[in-house]
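Throughout, a chain's letter reflects where its sequence line sits, starting with A, and its residues are numbered from 1. Since the structure is predicted, the reported quantities are computational estimates derived from the model, not experimental observations.
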Protein chains: 2
Amino acid sequence: MSNIRKVAELAGVSVATVSRTLKMPERVSPLTRDRVLAAVEQAGYRPNLMAVQFRSRKTRNLVVLVPVIANVFFARVISGIQEAAQAFDYRVLLCDTLGREEVEVAYAELVRAHQADGVIQLRAFNPFSDAGSDGACMPPMVNACEVLDIPPCPTVRLDNRAAAREMTEHLLGLGHRRIGLIKGPQGSPLTRERIAGYEDALKAAGVDTDPALICRGNFTLQAGYDAAGQLLASPERPTAFFCENDEMAIGAIKRIREAGLRVPDDISVAGFDDIPFAAFCDPPLTTIAQPAEAFGRHAVEMLVAQFEQHSLEATHLVLPHQLIVRGSTAAVTQ
Amino acid sequence: MSNIRKVAELAGVSVATVSRTLKMPERVSPLTRDRVLAAVEQAGYRPNLMAVQFRSRKTRNLVVLVPVIANVFFARVISGIQEAAQAFDYRVLLCDTLGREEVEVAYAELVRAHQADGVIQLRAFNPFSDAGSDGACMPPMVNACEVLDIPPCPTVRLDNRAAAREMTEHLLGLGHRRIGLIKGPQGSPLTRERIAGYEDALKAAGVDTDPALICRGNFTLQAGYDAAGQLLASPERPTAFFCENDEMAIGAIKRIREAGLRVPDDISVAGFDDIPFAAFCDPPLTTIAQPAEAFGRHAVEMLVAQFEQHSLEATHLVLPHQLIVRGSTAAVTQ
DNA sequence: GTGAAAGCGCTAACAT
DNA sequence: ATGTTAGCGCTTTCAC
């Protein structure tokens, strides 16, 4: 492997000049530049990034912690992250954490180990808990999608409460009064917010909330299927199911059909996320669209701004959602 | 940030001893080891990975080139890659290439730039084309899923031809004679193999192949929808659609329904991949199951074996597939 | 078993 | 505009 010294010899200049030619060409005379570039070409020289990064104390790597990459929504977020990172000339170190905190901590440590410049965390967990909640010695991090309640760092999120409220209002508007809620995993702020929005809407409509209508899920098809089974078995069956993501909604629809009931005629089903499958389901799914790729892009932008000391116009971004009404929800029939 | 020298001073030993304590503890006396470890603790020392990697010329990074991470199948493969990489103490540099060759080349170059030790490429494209097809100066690479016809490197693949043949035989066995094929993007060997398998089966059954029955797709829901539209419009409508992935099959089902036809009563639909949605569709999708995560795991194993000079028992792995018959295919009705 | 010291390839301060 | 040089933090001979 040829190194900078070989190139310098070939071009008859010093290593400093080679380095400058590559990093700040304007500070080198055109003549020298041509000579150096020719030598670079001839030697087939490619800078050793390990050395560059080591020396300049910048890796241009970002650690991305994703709870489950096999989840369609997260896959889209990652896609946005990767796209933006590429545009800023950063690379993505991906970790599919499966929600295991020790794994998240270990990967986040890569920043302290000088293997990455910052972290994008897509789950509401601070992998730098030891840094003190004051954020005194917090490495650069951005929290996106499911964000911490009291964020020690910039966040990009949805107004989950408002979105859930809108969806619940949509269902109430169709005449539904018993609305089952299939929620996400325990302890997720995202789920807490959405429940709050659901309750806001019910309260505003003067409808009693019934804890029996709220079922735990975990964002998988199977969880939606199982939870729907529970709701169907409840003494006073709900006429609508609001699922906290589209996968669970699709799972729920399957279960409802197996019970010999029709969607939306007997039971309306709503999802959340608007994954591509939502539009192609039968019936097409009423859901809340989230700008998944935009979450990723903004997260990268905010993180890079942190590195490069740009002041952010906003450190807590809320991206817009949109209620998408399709065929899986309909007026309640008496 | 504390470095190895600080730790050495604290422990009253040389930097060499600190390094040895961390990398080959058995070569250090228990007493010294304790002293050093205590000093490491006290200093809050974490080795600078940039320096370690620079010095030892090993990054423990793997570049992964994925055509579309938002594709459920690939997301599962990535999940397997990430899991295995973690187990071997490697990190994953992810690139969602969207099939753009210049992006693939640029990322693959990270290996030559000493930023990664090897590449896992999930598409049939050699990003090191300049290395000479003899593979003389090919950096370590493993090709998985959609592999090159004449691979310059180890591969992990499915027997796509056999799988497609099996599926076609399944449809023929149900009495279908006009079987539409919705294929993947142009120029993909994967698609070529599957068409070959489809034709093998037809030929063996003495059924004429009809080029009009083969439609181009691109593995998206929309492509399946569109292609199904075309097939439905053909003068002699097929009684079965074989789609080269599940997304397109789900898109096709939607289109078929919109035409007022029933699946499988009027038209049988088969997919490929067995993504989680396949089982939750209506009707549940007949498909070919692929061990997606296993592709990822094996790819990592083979790549790591290359680095560490383990001889591989096989450099061209073929993983098993399985025909999964569900409700979307049925006997043709006269 | 431990230490001294060279040096990986590069950048950046300083000198010219 | 260009060259000289001192490291960055670590691993790894080579002595002892």
Who pairs with B:Y90 by ring-ring contact (aromatic ring centres under 6.0 Å, His included), at least two apart in sequence or on another chain?
B:F307
Separation of atom CZ in B:R20 from atom P in D:dT12, rounded to whole Å:
11 Å
Mind checking side-chain hydrogen bond (donor to acceptor under 3.5 Å, both in side chains) for A:S2 and listing every partner two or more places apart, or none if nothing turns up?
none
Whichever of B:S2 and A:R33 has its nearest DNA chain D nucleotide further upstream toward 5':
A:R33
With a 4.0 Å cut-off on heavy atoms, is B:S56 in touch with a base, just the backbone sugar-phosphate, or nothing at all?
nothing
Just N and O in the side chain of B:S19: are any of them under 4.0 Å from OP1 or OP2 of D:dT11?
yes
What integer distance in Å separates A:I4:CD1 from D:dG7:P?
19 Å
Please list all pairs meeting side-chain hydrogen bond (donor to acceptor under 3.5 Å, both in side chains) that have one or both residues in residues 36-48 of chain B, counting only residues at least two apart or in different chains.
A:E109-B:R46
Heavy atoms from C-beta onward define the side chain here; which of D:dT2, C:dT2, D:dG9 lies closest to that of B:N3?
D:dG9
Short side-chain N/O contact from B:S29 to OP1 or OP2 of C:dT2, under 4.0 Å:
yes
Can you tell me how far C1' of D:dG9 sits from CD of A:Q115, to the nearest Å?
14 Å
Could you give the NE2-to-P distance, from B:H114 to C:dC8, as a whole number of Å?
13 Å
To the nearest 10 degrees, what angle separates the axes at the start and end of the helix from C:dG1-D:dC16 to C:dT16-D:dA1, five pairs each?
30°
Euclidean distance, atom CG of residue A:L22 to atom P of C:dA12 [Å, nearest integer]:
13 Å
Within a 6.0 Å radius of atom CZ on B:R100, are there more than 12 heavy atoms belonging to other residues, nucleotides or ligands?
yes
Given atom NZ of B:K23 and atom P of D:dT12, what is their separation to the nearest angstrom?
8 Å
Those residues at least two apart in sequence (or on a different chain) that pass ring-ring contact (aromatic ring centres under 6.0 Å, His included) with B:F219 are none
Would you say the side chain of B:I69 lies within less than 4.5 Å of the side chain of A:I69, judging by non-hydrogen atoms?
yes
Value in whole Å for how far the P atom of D:dC10 lies from CE of B:M24:
15 Å
Ignoring backbone atoms, establish whether B:S14 has a side-chain N or O less than 4.0 Å from OP1 or OP2 of C:dA4.
no
Look only at the side chain of B:R60 and the backbone of B:F88, and say whether a donor-acceptor pair between them is shorter than 3.5 Å.
yes
What are the residues of residues 35-55 of chain A, sorted by number, that bring a heavy atom to within less than 4.0 Å of DNA chain C?
A:Y45, A:P47, A:N48, A:A51, A:V52, A:F54, A:R55
Who pairs with B:A292 by side chain to side chain contact (heavy atoms under 4.5 Å, CB included), at least two apart in sequence or on another chain?
B:F73, B:R76, B:V77
By side-chain hydrogen bond (donor to acceptor under 3.5 Å, both in side chains) - contacts of B:Q186 (at least two apart):
B:R216
A:S14 meets the side-chain hydrogen bond (donor to acceptor under 3.5 Å, both in side chains) criterion, sequence neighbours left out, with A:T17
Just to be sure I understand the rule, does A:R57 reach a base, reach only the sugar-phosphate, or reach nothing, if contact means heavy atoms closer than 4.0 Å?
sugar-phosphate
With DNA chain D as reference, determine whether B:V18 or B:R5 sits nearer its 5' end, using the nearest nucleotide of each.
B:R5
